[in-house]
Amino acid sequence: QVQLVESGGGLVQPGGSLRLSCTASRSISNFYLMGWYRQAPGKQRELVAFISSGGSTNYADFVKGRFTISSDNAENAVYLGMNSLKPEDTAVYYCAVRPTLRGVVYWGQGTQVTVSS
């Protein structure tokens, strides 16, 4: 089992930046996939970005060039850097990890990101 603790959400003006953190309760060095999802009011949860154990990354089209996913094995953490934020980025952001190829996915509790003037 893996517990995930998220932080870094908050209120930011359009064009601003935030950095989300997700810290796991155990080593993530061998985790198959780690990623971030978001869910806005009235919408289904959608994938934002993910990173593999080998360090390769993938981003949803709507965040390419603005968001950066990264990880730090020493800190058991996954991060999401968010730049040039737009009001439509407003959502609850969730981190998720898949320790093995076909194993269970673990979810964080979610952290609110609000982009507004």
Side-chain angles (χ1 to χ4, degrees):
Q1 297 187 179
V2 182
Q3 296 181 49
L4 304 174
V5 179
E6 299 170 340
S7 63
L11 175 64
V12 64
Q13 295 187 17
S17 300
L18 287 173
R19 178 180 166 91
L20 306 183
S21 298
C22 176
T23 302
S25 60
R26 67 177 178 89
S27 175
I28 64 170
S29 62
N30 294 319
F31 280 14
Y32 183 69
L33 288 174
M34 298 165 285
W36 291 89
Y37 291 75
R38 71 185 188 187
Q39 186 167 25
K43 293 187 176 182
Q44 296 194 0
R45 189 172 298 185
E46 61 185 352
L47 176 68
V48 176
F50 66 83
I51 184 169
S52 72
S53 60
S56 62
T57 59
N58 187 268
Y59 299 90
D61 287 342
F62 51 81
V63 302
K64 284 184 177 178
R66 299 190 297 123
F67 291 10
T68 302
I69 187 170
S70 61
S71 63
D72 186 339
N73 290 344
E75 298 294 329
N76 296 337
V78 180
Y79 308 99
L80 184 67
M82 309 165 69
N83 299 317
S84 302
L85 284 162
K86 306 174 181 180
E88 51 263 44
D89 294 319
T90 296
V92 177
Y93 284 72
Y94 301 88
C95 64
V97 300
R98 185 190 293 275
T100 61
L101 176 61
R102 292 297 183 185
V104 64
V105 175
Y106 296 93
W107 294 88
Q109 82 285 356
T111 184
Q112 177 70 47
V113 172
T114 302
V115 185
S116 176
S117 297

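Since this is a predicted model, take the numbers as computed values, not measurements.
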* Structure fact -> Here the salt bridge (charged side-chain N to carboxylate O under 4.0 Å, His left out) pairs for residues 24-51, sequence neighbours left out, are Arg38-Glu46, Arg38-Asp89
* To do: Would you please say whether a donor-acceptor pair under 3.5 Å links the side chains of Thr114 and Ser116?
  => no
* Asked: Do Phe31 and Val2 come within less than 4.5 Å of each other through their side chains, counting heavy atoms only?
  -> yes
* To do: Under the side-chain contact (heavy atoms from CB on, under 4.5 Å) rule, collect the residues that match up with Thr23, sequence neighbours excluded.
  => Ala77
* To do: Could you tell me which residues satisfy salt bridge (charged side-chain N to carboxylate O under 4.0 Å, His left out) with Arg98, sequence neighbours excluded, listed by chain and number?
  => none
* If you draw a 6.0 Å radius around CD in Glu88, do more than 12 non-hydrogen atoms from other residues or ligands fall strictly inside? -> yes
* Asked: Gln109 side chain to Glu6 main-chain N or O, any donor-acceptor pair under 3.5 Å?
  -> yes
* If you group Ile, Leu, Val, Met, Phe, Trp and Tyr whenever their side-chain heavy atoms sit less than 4.5 Å apart, what else falls in with Tyr94? -> Tyr32, Leu33, Tyr37, Leu47, Phe50, Val92, Leu101, Val105, Trp107
* **Passing option when Leu18 is tested against Leu80, Thr111, Leu85 for side chain to side chain contact (heavy atoms under 4.5 Å, CB included)** => Leu85
* Which other residues end up in the same hydrophobic cluster as Leu11, if Ile, Leu, Val, Met, Phe, Trp and Tyr are linked when side-chain heavy atoms come under 4.5 Å apart? -> none
* For residues Ala49 and Tyr59, report the shortest heavy-atom separation together with the two atoms involved. => CB-CD2, 3.5 Å
* To do: Check whether any side-chain N or O of Thr90 sits under 3.5 Å from a backbone N or O of Val115 as a donor-acceptor pair, and report yes or no.
  => yes
* Determine whether Trp36 and Phe62 fall in the same hydrophobic cluster, where Ile, Leu, Val, Met, Phe, Trp and Tyr are linked whenever their side-chain heavy atoms lie under 4.5 Å apart. => yes
* Asked: Can you hop from Val104 to Met34 via hydrophobic side chains spaced under 4.5 Å?
  -> yes
* Structure fact -> One should read off an interatomic distance between Leu20 CG and Phe67 CZ, to the nearest 0.5 angstrom, of 8.0 Å
* **Student check: side-chain heavy atoms of Ile51 and Ser71 closer than 4.5 Å** => yes
* If a pair satisfies side-chain hydrogen bond (donor to acceptor under 3.5 Å, both in side chains) and one of its residues is in residues 72-87, list it, with sequence neighbours excluded. => Ser17-Asn83
* Taking everything shown except Gln3 itself, do over 12 heavy atoms lie less than 6.0 Å from its CD? -> no
